[in-house]
Engineer: 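Questions regarding the structure given below will be posed in turn.
Throughout, a chain's letter reflects where its sequence line sits, starting with A, and its residues are numbered from 1.
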2 protein chains.
Amino acid sequence: MDQVNLKRLAKELNLAVSTVSRALSDSYDISIETKEKVNALAKKLNYHPNPYARSLRKRSSHTIAVIIPEIANNFFSLVIDGIEEVAQANDYHVLIYLTHENHVKEAAFVRHLMSGRVDGVLMSLASETDDMSHLYELTEQNIPVVFFDRVCDDIDTVKVTTNDYESGYLATKHLIERGCTNISYLAFSGNLSIDQNRKQGYLDALEDHHIPVKESSILLCSNDDKENKKKMRNLLSSEVPPDGIFASVELLAIQCYEVCKELDLQIPRQVKVISFSNLRTASLLAPPLTTITQPAFDIGKQAASALFQALGKKAIKLSDQKIMLTSSLIERESTAIEG
Amino acid sequence: MDQVNLKRLAKELNLAVSTVSRALSDSYDISIETKEKVNALAKKLNYHPNPYARSLRKRSSHTIAVIIPEIANNFFSLVIDGIEEVAQANDYHVLIYLTHENHVKEAAFVRHLMSGRVDGVLMSLASETDDMSHLYELTEQNIPVVFFDRVCDDIDTVKVTTNDYESGYLATKHLIERGCTNISYLAFSGNLSIDQNRKQGYLDALEDHHIPVKESSILLCSNDDKENKKKMRNLLSSEVPPDGIFASVELLAIQCYEVCKELDLQIPRQVKVISFSNLRTASLLAPPLTTITQPAFDIGKQAASALFQALGKKAIKLSDQKIMLTSSLIERESTAIEG
DNA sequence: CTGTTAGCGCATTCAT
DNA sequence: ATGAATGCGCTAACAG
């Protein structure tokens with residue numbers, strides 16, 4: 001049995017291929033009768049236009065690529081969820097490429113995509129990546145790119161990220177509004193820009209609410225569980241223990257939670273704890289914790305929307321702008337049931 | 001500036017298009033010199049063959065589609081991780097489609113894919129889906145399909161799933177080997193086939209180890225947190241409390257964990273608890289819990305491997321077979337740091 | 001309203 | 001060892 005294509009339809013109806021083509025695309029200058037005949041036969045024979053022939057002819061693939069470091073990760077899978085939703089609404093197809101934080105792979109993917117396989121690219125850089133030449137090459141080919149989360153500042157395009165400063169501010173404000181007056185910040189790393197921004201938000205929130213910052217309020221933690229817990233134990237059993245704790249990453253919140261249990265400190269009655277988290281862990285197993293979560297889904301949607309806006313205008317250059325989205329507070333997440 | 005294609009290369013080198021084409025594909029009957037010249041210019045001009053032209057000509061897209069219910073879910077994102085790894089190794093591209101459990105969307109995606117956009121399909125059915133006609137149509141077009149997790153039994157092809165029976169058996173055996181002699185099973189639903197299979201594994205493990213099963217050992221739980229905890233409280237404070245608990249879903253393990261805390265029962269010293277889980281939750285926040293996890297990554301790899309095997313043989317029909325993979329026990333997961 | 005013609009970029013058959 | 005010609009399936013410009 002032969003493939004069913006335009007030629008086949010045309011032959012069976014004694015029409016020209018172009019007529020059939022126009023009938024199927026509902027062109028103005030085709031009689032209603034032939035349109036109906038054509039559509040009927042197309043349906044009957046289960047005709048599907050060959051997307052590659054069309055792409056070749058129209059020089060557009062109706063496909064975008066998403067390049068991310070990994071996918072087994074709540075943040076990135078939510079981002080893809082958002083991207084896919086927008087893509088579906090725009091009738092676009094989504095190709096996925098995982099770099100596993102490997103710069104060589106990332107560069108290979110990007111260079112391959114210069115072939116015209118996709119109309120646009122959404123990406124989050126591999127942590128290894130410092131050489132950006134592959135990205136320049138891509139934009140030179142006039143393929144629009146939108147960055148999210150881990151962005152490349154040197155390229156003029158749309159970048160969508162979380163507003164870490166604001167998130168830190170909001171988390172701290174949340175504690176203040178719940179009556180905390182002595183709030184500690186559990187920092188995970190001294191110099192990561194994320195941590196820096198969150199901490200600055202924390203500091204500014206305190207200042208704006210006229211709460212003095214004590215040297216001892218900022219606890220610099222590390223990968224060493226025991227060491228961290230020791231510091232937390234000291235902090236929480238000091239003469240003036242904090243009544244609020246803001247953990248910059250989830251793991252620290254969990255360690256803190258355990259120390260509180262140890263010391264028989266009631267969360268949130270005696271100590272209120274808020275933590276950044278992209279996992280569902282903290283809010284699920286330890287409902288007394290409040291979590292603040294990156295707006296992953298919205299980041300995906302925004303990034304995709306920006307890209308499609310450019311694609312709609314036939315690859316008008318994307319303007320250089322930073323879109324920063326706000327994290328959301330979750331006091332207690334509904335408990336999803338899985339596996 | 002013009003697109004760089006074969007014609008362009010041919011013109012610049014005073015060669016025929018076909019010669020350039022063959023040189024680039026390293027054909028036998030092209031002199032080494034011209035090959036070198038061609039490759040050099042191709043690199044210099046940053047030539048990338050147009051994948052759509054090639055697909056059109058070769059009638060193969062080097063692309064597969066993955067259709068899944070959702071992605072914001074640890075199980076499915078791990079599956080994709082596995083699929084993508086195998087696809088990368090085979091130099092294939094991966095298109096993602098999310099049905100959000102909607103049968104209409106699923107059917108639309110599948111019907112679209114009959115166009116020849118992909119060489120093969122990997123899918124997990126939407127829970128809504130009971131009408132399988134779109135799947136029959138797909139196989140009629142000789143597009144190979146492999147099912148995973150939520151499979152369609154009526155279609156003769158490869159199906160990759162978790163061996164729930166074996167998983168239940170293993171989890172129970174684990175408790176028995178740790179010295180438990182009075183093991184309770186926390187069932188989540190009376191009739192889900194997953195739950196049924198897991199329970200049967202539990203029952204058979206007990207029988208094989210000559211441990212009698214008591215009526216009261218199986219606790220049928222529901223969506224009602226408080227009700228569940230009440231039942232657990234009864235169970236754990238009865239005259240002969242269980243020394244081992246096997247939770248069929250994570251949520252029940254967490255509820256049980258909390259009840260144990262309440263009753264001051266030490267896990268795992270007094271009660272050992274094992275639970276199914278696809279989240280990292282249980283093992284992260286409650287290290288005393290042992291978790292048993294679906295082999296999501298391997299399911300993805302196996303499904304993709306089976307598909308590529310067929311594609312390698314130019315779409316030889318996939319044999320009808322069920323591949324069942326074993327869950328893995330995790331006593332304590334390394335604590336990943338995120339966000 | 002419909003048919004004819006001409007490519008999109010590539011791989012391949014058939015010449016030389 | 002290379003070139004010329006053909007067509008994959010489709011759309012679009014140009015006739016009529």
Engineer: According to a strict under-4.0 Å criterion, is B/S21 in side-chain N/O contact with OP1 or OP2 of C/dA11?
Structural biologist: yes
Engineer: With sugar-phosphate meaning primed atoms plus P, OP1 and OP2, does B/D29 contact a base, only sugar-phosphate, or nothing at under 4.0 Å between heavy atoms?
Structural biologist: base
Engineer: Any side-chain N or O of A/R59 less than 4.0 Å from the OP1 or OP2 oxygen of C/dG9?
Structural biologist: yes
Engineer: Select from B/I30 and B/A53 the residue whose nearest nucleotide in DNA chain D is closer to the 5' end of that strand.
Structural biologist: B/I30
Engineer: Using C1' atoms of five pairs at each end, report the bend of the helix from C/dC1-D/dG16 to C/dT16-D/dA1 rounded to 10 degrees.
Structural biologist: 40°
Engineer: Using a cut-off of strictly less than 4.0 Å, decide whether B/N50 has a side-chain nitrogen or oxygen near OP1 or OP2 of C/dG9.
Structural biologist: no
Engineer: Regarding D/dA1, can its base be found pairing with the side chain of B/S31 as donor and acceptor, where the two atoms are less than 3.5 Å apart?
Structural biologist: no
Engineer: List the steps, then state whether salt bridge (charged side-chain N to carboxylate O under 4.0 Å, His left out) holds for B/D81 with B/K301.
Structural biologist: CA-CA 8 Å; B/D81 202 359; B/K301 278 178 62 168; over 6 Å; no
Engineer: What integer distance in Å separates A/L6:CG from D/dA12:C1'?
Structural biologist: 13 Å
Engineer: Ignoring backbone atoms, test whether B/R57 places a side-chain nitrogen or oxygen under 4.0 Å from the OP1 or OP2 oxygen of C/dG9.
Structural biologist: no
Engineer: Establish whether the base of C/dT2 is bridged to the side chain of A/S18 by a donor-acceptor pair shorter than 3.5 Å.
Structural biologist: no
Engineer: Please tell me if A/Y47 has a side-chain N or O lying less than 4.0 Å from either OP1 or OP2 of D/dC10.
Structural biologist: yes
Engineer: Rounded to the nearest 0.5 Å, how far apart are CG of B/L9 and NZ of B/K37?
Structural biologist: 12.5 Å
Engineer: From D/dT2, D/dG9, D/dC10, pick the nucleotide closest to the side chain of B/L15?
Structural biologist: D/dT2
Engineer: What pairs with B/S55 under side-chain contact (heavy atoms from CB on, under 4.5 Å), at least two apart in sequence or on another chain?
Structural biologist: A/Y52, B/S61
Engineer: Name the nucleic acid region contacted by A/T34, choosing base, sugar-phosphate or nothing; use a 4.0 angstrom heavy-atom cut-off, strictly under.
Structural biologist: sugar-phosphate
Engineer: Just one of A/N50, A/L24, A/T19, A/L15 clears the side chain to side chain contact (heavy atoms under 4.5 Å, CB included) bar with A/L6, so which one?
Structural biologist: A/L24
Engineer: Closest-nucleotide mapping onto DNA chain C: is B/K7 or A/V17 further toward the 5' terminus? I mean the 5' end.
Structural biologist: A/V17
Engineer: When the ring planes of B/H93 and A/Y97 are compared, do they come out parallel, tilted or perpendicular, using 30° and 60° as the limits?
Structural biologist: perpendicular
Engineer: Quick one: on DNA chain D, does B/T19 or B/K58 contact a more 5' nucleotide (nearest heavy atom)?
Structural biologist: B/T19
Engineer: Evaluate the criterion side-chain hydrogen bond (donor to acceptor under 3.5 Å, both in side chains) for residue pair A/H100 and A/E70; output intermediate values, then yes/no.
Structural biologist: CA-CA 5 Å; A/H100 293 286; A/E70 50 172 341; over 6 Å; no
Engineer: Is there side-chain contact between B/P69 and B/R150, with heavy atoms separated by less than 4.5 Å?
Structural biologist: yes
Engineer: When you measure only distances, ignoring hydrogens and angles, does the side chain of B/R22 come within 3.5 Å of the base of D/dG3 through a donor and an acceptor?
Structural biologist: yes
